[in-house]
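Please read the structure below before turning to the comments.
Here is the naming used below: chain letters follow the sequence lines, and residue numbers restart at 1 for every chain.
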Amino acid sequence: MPPAPDPFAQADTHDLVIRAEPASVRAALRRVTASPPVVDLATDLRSTVEIVLAEVLNNVAEHAYAELEGHVAVTVALHPGALWCEVVDEGAAMPGGSLPEGRLPQTDLAETDLPEGGFGWHLIRSMTRDLEYRRRRGTNRLNFLIPLVEYP
Amino acid sequence: MQLKTQTRPKVLTVSVMEDRIDAATAIQFKERMREVTRAGDQRVVLDLARVQFLDSSGLGAIVAVKKMLGPARPLELSGLTATVEKVFRLTRMDSIFTIHSSIEVAASHAAGT
């Protein structure tokens, strides 16, 4: 008798759990972008997915866990017209319990005052929609959609 | 973080020989840039033609290098790949750098030809 199909083994979904630190984030990005469903997207969309996930995962490593070790789970699933993403970690909550606005840092400044950070949430918000953050029982859960239209 | 430098009379070109400048390598990139630009006073062209991926940490590191070199020694960029160009454009950091299509264009521009 053939084995029952695994209901979680779907070609249009990819999930993995990684250690929340930069080298593991890099390896995870390589794997997510080289596997279905992301590998089948147009090059421009693949790079959008990679940038967004890089920013989200590095934020978890740098801010939610900071100096602590921890894990982060990523799931991407193909929906009609969008890539559905979920990122779950057990680090510190978002300050104030909500997501940063992602306002772009000022750039019309003297060179010595140019911003070296603060770009991450702007990039995330530029390339996603329906961002939703929930904190429950010590867990951060971030959901968003990446529209599958070529970015202008 | 491997960088390849070429010193010309009026310009120092620095080619990044890696395919990413990201959170895992941003600090190392800054340190290496500090080392290779220590001597000399030419303009600096940073060639990113091999860099396929840049995140906000990498972008911050490039801005930090520009600040480190100071206004007397402008940092220019060349050879932005599609993903790198997108990150510069979305953060409007493309407005604070002179960006050349290629290292050859950047070098000839610097030589005044």
Margin query: For a quick test of reading the model, state the closest non-hydrogen atom pair linking Arg31(A) to His14(A) and the distance between them.
Written below: NE-NE2, 4.0 Å
Next item on the list: Would you mind telling me which of Leu69(B), Thr5(B), Leu75(B) makes a side-chain contact (heavy atoms from CB on, under 4.5 Å) with Thr37(B)?
Entry: Leu69(B)
Notebook entry, point to check: Considering only heavy atoms, which portion of Glu62(A) lies under 4.5 Å from any heavy atom of chain B: side chain, backbone, both, or neither?
Noted result: side chain
Check: Between Glu85(B) and Arg89(B), is the closest basic N to carboxylate O distance under 4.0 Å?
Finding: yes
Next item on the list: Among residues two or more places apart or on two chains, list those pairs meeting salt bridge (Lys or Arg N to Asp or Glu O under 4.0 Å) that have a residue in residues 44-58 of chain B.
Entry: none
Item checked: Leu29(A) portion near chain B, given a 4.5 angstrom heavy-atom threshold -> side chain
Item checked: Glu111(A) versus chain B, the contacting section by heavy-atom distance below 4.5 Å -> both
Next item on the list: Flag the pair Met33(B) / Glu31(B) as yes when at least one side-chain heavy-atom distance between them is below 4.5 Å, and no otherwise.
Entry: no
Check: Is it true that Arg73(B) and Asp41(B) make a salt bridge, defined as a side-chain N closer than 4.0 Å to a carboxylate O?
Finding: no
Note to self: Side chains of Arg129(A) and Phe144(A), heavy atoms from C-beta outward: is any pair under 4.5 Å?
What the structure shows: no
Next item on the list: Sort Ala82(B) into side chain, backbone, both or neither according to what part of it lies under 4.5 angstrom from a heavy atom of chain A.
Entry: neither
Next item on the list: Decide yes or no for Val14(B) and Val44(B): does some side-chain heavy atom of the first lie under 4.5 Å from some side-chain heavy atom of the second?
Entry: yes
Next item on the list: Just jot down the side chain to side chain contact (heavy atoms under 4.5 Å, CB included) partners of Arg141(A), sequence neighbours excluded, or say none.
Entry: Glu86(A), Val88(A), Arg134(A), Asn143(A)
Next item on the list: Output the residues of residues 113-125 of chain A for which the shortest heavy-atom distance to chain B is under 4.5 Å, in residue-number order; output 'none' if no such residue exists.
Entry: Asp113(A), Leu114(A), Pro115(A), Glu116(A), Phe119(A), Gly120(A), His122(A), Leu123(A)
Next item on the list: Below 4.5 Å from any heavy atom of chain A, which atoms of Met93(B) appear? Answer side chain, backbone, both or neither.
Entry: side chain
Note to self: Taking the side chain as everything from C-beta on, heavy atoms only, tell me whether Arg20(B) gets closer than 4.5 Å to Glu50(A).
What the structure shows: yes
Next item on the list: Identify which of Val87(B), Thr91(B), Ile96(B), Leu59(B) forms the greatest number of heavy-atom pairs closer than 4.5 Å to chain A.
Entry: Thr91(B)
Notebook entry, point to check: Going by heavy atoms in the side chains, are Leu54(B) and Ile62(B) under 4.5 Å from each other?
Noted result: yes
Notebook entry, point to check: Taking only heavy atoms into account, what residues of residues 69-82 of chain A are found under 4.5 Å from chain B?
Noted result: none
Note to self: Quick check: do Glu76(B) and Ile99(B) have side-chain heavy atoms less than 4.5 Å from each other?
What the structure shows: no
